[in-house]
Amino acid sequence: MLQRLDKILSNSGRLTRSQARDALKAGRVAVYGETVRDGAAKFDPETAPVTLDGAPVAGGTVVLLLNKPAGYVTATRDSRFPTVMDLLPSVYRRRVVPVGRLDKDTRGLLILTDDGDFAHRMLAPKSHVWKLYEAELDGPVGPEERERFREGISIGDRICLPAELYLPEGKPSSLVRVRIREGKFHQVKRMFGAVGREVTALKRLR
Ligand code: URA
């Protein structure tokens, strides 16, 4: 339900009514990143990102888990293709940004958030957040490739951190899962490319 901005501020428990009035007048309050001075302006306190001196005072933080279909680029805007933002309810569109990136043809789990600290923790190389993918390949891979992934495979300009390749029942297969803890450009596709396989479909599961 929409509420006056001065009410949202005083309801937050951070400011009294007169402090809220002063903060608004001083231009210290922003909604959707833009300064709002009018205390009578109405917003939804559940979703509108209200900040005081840049720090959130209402709306909490948002973390969205999107099951991304193929055909959408992971970007906030693109001149040629639809973006993942087009898939979101409009209240979130100006609020969240994607955490990392999936290729246009990759499906599956994409996180979007307005929580900068959380995004940083998920993406920082030293956090080593594991990502699990299901890959369809143009031919089978087996125990030999699993060993090469474990050792850290070279993808041209760099050597990947050890990754785990899961073979159904331990047998060679062209439908496999792979778990990596870094996220370089086209990483999974390049890893399979390094063992002579092409990824024909890719989905992030976790
Ligand atoms: N690795 C890739 O090659 N593509 C993705 O979209 C994600 C990981």
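Counting starts at 1 for both ligands and their atoms, following the listed order. All figures in this text were calculated on a predicted structure; none of them were measured in a lab.
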**Message:** Donor-acceptor pair, distance only, cut-off 3.5 Å: does the side chain of D103 make one with the backbone of D105?
**Reply:** no
**Asked** With backbone taken as N, CA, C and O and side chain as the heavy atoms from C-beta onward, which portion of V199 lies under 4.0 Å from ligand 1: side chain, backbone, both, or neither?
**Response** neither
**Within 6.0 angstrom of R190 CZ, more than 12 heavy atoms from elsewhere** = yes
**Item:** Heavy-atom nearest neighbour in the protein, as seen from atom 4 (N) of ligand 1, with distance rounded to 0.1 Å
**Value:** D103 OD2, 2.7 Å
**Close-contact set for ligand 1 against Y133 heavy atoms, below 4.0 Å** = 7 (C), 8 (C)
**Asked** Counting from 1, what ligand 1 atoms have a heavy atom of T106 closer than 4.0 Å?
**Response** 4 (N), 5 (C), 6 (O)
**Message:** If you count heavy atoms of other groups shown closer than 6.0 angstrom to CZ of F149, is the number above 12?
**Reply:** yes
**Protein contact to atom 1 (N) of ligand 1 [nearest heavy atom, distance to 0.1 Å]** = V188 N, 3.1 Å
**Message:** A cation-pi test, strictly: NZ or CZ of K203 under 6.0 Å from the centre of the six-membered ring of Y133 and no more than 45 degrees from its axis. Yes or no?
**Reply:** no
**The single option from L165, I155, I153 passing side-chain contact (heavy atoms from CB on, under 4.5 Å) against F192** = L165
